[in-house]
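First comes the structure, then the notes that go with it.
Both backbone and side-chain heavy atoms feed into the values below; hydrogens, waters and symmetry mates do not.
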Amino acid sequence: QVQLVESGGGLVQPGGSLRLSCAASGSIFRINAMRWYRQGPGEQRDLVAAITSGGVTNYADYVTGRFTISRDSAKNTVYLQMNNLKPEDTAVYYCNLDVQITPMSPIVNRYWGQGTQVTVSS
């Protein structure tokens, strides 16, 4: 089994910053892509940022230049640095990881974090 624990959410004023973390533990051989999604009230869950095992990143247009995704593969952790936050960034943020559990099988399973609330308000 693989467990994901998110942290770092909270209440911040517009223009402020937060750093989200998502740490994976359990039966992990290798983590491939790591992603952050978000879901606002009454909205669908959207991809915010992604990073490959080689460090290639991509972002949703509405966060480009403000958010930075990074990873520490030794710690099985992905981060999302969020700067210049706006009220429209208010949402529950979820990490999402592609995990290969054993070298004996190429099967990759996708796991979700529990979500962390980010609220941007004055």
Side-chain angles (χ1 to χ4, degrees):
Q1 281 289 351
V2 176
Q3 297 79 39
L4 275 58
V5 177
E6 298 184 32
S7 60
L11 173 65
V12 63
Q13 293 185 343
S17 299
L18 285 174
R19 188 192 194 208
L20 306 183
S21 299
C22 173
S25 61
S27 301
I28 299 170
F29 168 65
R30 179 167 53 208
I31 300 177
N32 296 334
M34 309 174 93
R35 309 172 189 87
W36 286 98
Y37 286 78
R38 73 185 189 188
Q39 188 169 19
E43 298 179 358
Q44 65 182 17
R45 191 172 297 187
D46 291 330
L47 179 64
V48 175
I51 185 168
T52 68
S53 57
V56 177
T57 60
N58 66 80
Y59 298 92
D61 288 343
Y62 49 81
V63 303
T64 298
R66 299 189 297 124
F67 291 11
T68 303
I69 188 172
S70 60
R71 64 188 289 167
D72 185 336
S73 295
K75 295 181 178 180
N76 292 330
T77 300
V78 61
Y79 305 97
L80 186 68
Q81 177 67 43
M82 305 185 293
N83 298 328
N84 191 21
L85 283 160
K86 304 176 181 180
E88 51 264 42
D89 294 319
T90 295
V92 179
Y93 285 70
Y94 298 89
C95 60
N96 174 262
L97 277 56
D98 292 344
V99 180
Q100 183 179 352
I101 294 176
T102 170
M104 305 303 294
S105 170
I107 294 176
V108 172
N109 297 312
R110 184 165 290 188
Y111 295 90
W112 290 92
Q114 82 278 9
T116 186
Q117 177 70 46
V118 171
T119 302
V120 185
S121 175
S122 56

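The list of side chain to side chain donor-acceptor pair (under 3.5 Å) pairs with a residue in residues 35-45, not counting sequence neighbours, reads R35-N96, R35-D98, R38-D89, R38-Y93, Q39-R45, Q44-D46. The list of salt bridge (charged side-chain N to carboxylate O under 4.0 Å, His left out) pairs with a residue in residues 111-122, not counting sequence neighbours, is empty. Residue pairs satisfying the ring pair (Phe, Tyr, Trp, His ring centres under 6.0 Å) criterion with at least one member in residues 39-64, sequence neighbours excluded, are absent. For residues 69-85, there are no salt bridge (charged side-chain N to carboxylate O under 4.0 Å, His left out) pairs, not counting sequence neighbours. Sorted pairs that involve residues 5-15 and meet side chain to side chain donor-acceptor pair (under 3.5 Å), not counting sequence neighbours, are lacking altogether.
R19 is linked by a side chain to side chain donor-acceptor pair (under 3.5 Å) to nothing, counting only residues two or more places apart in sequence or in another chain. Partners of S105 according to the side-chain contact (heavy atoms from CB on, under 4.5 Å) rule, which considers only residues two or more places apart in sequence or in another chain, are T102, I107. Contacts of I28 classified as side-chain contact (heavy atoms from CB on, under 4.5 Å), with partners at least two apart in sequence or in another chain: V2, A24, I31, N76, V99. Qualifying side chain to side chain donor-acceptor pair (under 3.5 Å) partners for Q3, counting only residues two or more places apart in sequence or in other chains: none. Partners of Q114 according to the side chain to side chain donor-acceptor pair (under 3.5 Å) rule, which considers only residues two or more places apart in sequence or in another chain, do not exist here. Looking at residues two or more places apart in sequence or on another chain, you find no side chain to side chain donor-acceptor pair (under 3.5 Å) involving S70.
Put simply, the side chain of T77 never gets that close to the backbone of S73: no donor and acceptor are under 3.5 Å apart.
Linking Ile, Leu, Val, Met, Phe, Trp and Tyr residues whenever their side-chain heavy atoms come within less than 4.5 Å leaves V78 and Y94 in two separate clusters. The hydrophobic cluster containing V48 also contains Y111, counting ILVMFWY residues as joined when their side-chain heavy atoms lie under 4.5 angstrom apart, directly or transitively. V118 and Y79 are assigned to two separate hydrophobic clusters, defined by single-linkage of ILVMFWY side chains at heavy-atom distances under 4.5 Å. In the hydrophobic clustering of this structure, W112 does not group with L20; members are Ile, Leu, Val, Met, Phe, Trp, Tyr whose side-chain heavy atoms approach within less than 4.5 Å, directly or through other members. When the side chains of ILVMFWY residues are joined at heavy-atom separations under 4.5 Å, either directly or via intervening members, L97 and I51 end up in a single hydrophobic cluster.
Taking every heavy atom of both residues into account, L80 and A49 meet most closely at CD1-CB, 4.2 Å.
More than 12 heavy atoms of other shown residues, nucleotides or ligands fall within 6.0 angstrom of atom CD in E88.
Side-chain contact of S53 with N32: a donor-acceptor pair under 3.5 Å is absent, judged by distance alone.
Annotation: the span from Q81 atom CD to L18 atom CG amounts to 8.5 Å, rounded to 0.5 Å.
Between S121 and L11, some side-chain heavy-atom pair lies under the 4.5 Å cut-off. The closest side-chain heavy-atom distance from M34 to C95 is not below 4.5 Å.
Hydrophobic cluster membership of M104, counting Ile, Leu, Val, Met, Phe, Trp and Tyr whose side-chain heavy atoms lie under 4.5 Å apart directly or via other members: none, as it forms a cluster of its own.
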> Stepwise, does the side chain to side chain contact (heavy atoms under 4.5 Å, CB included) test hold for L85 with F67?
Replying inline: CA-CA 9 Å; L85 283 160; F67 291 11; 3.8 Å; yes
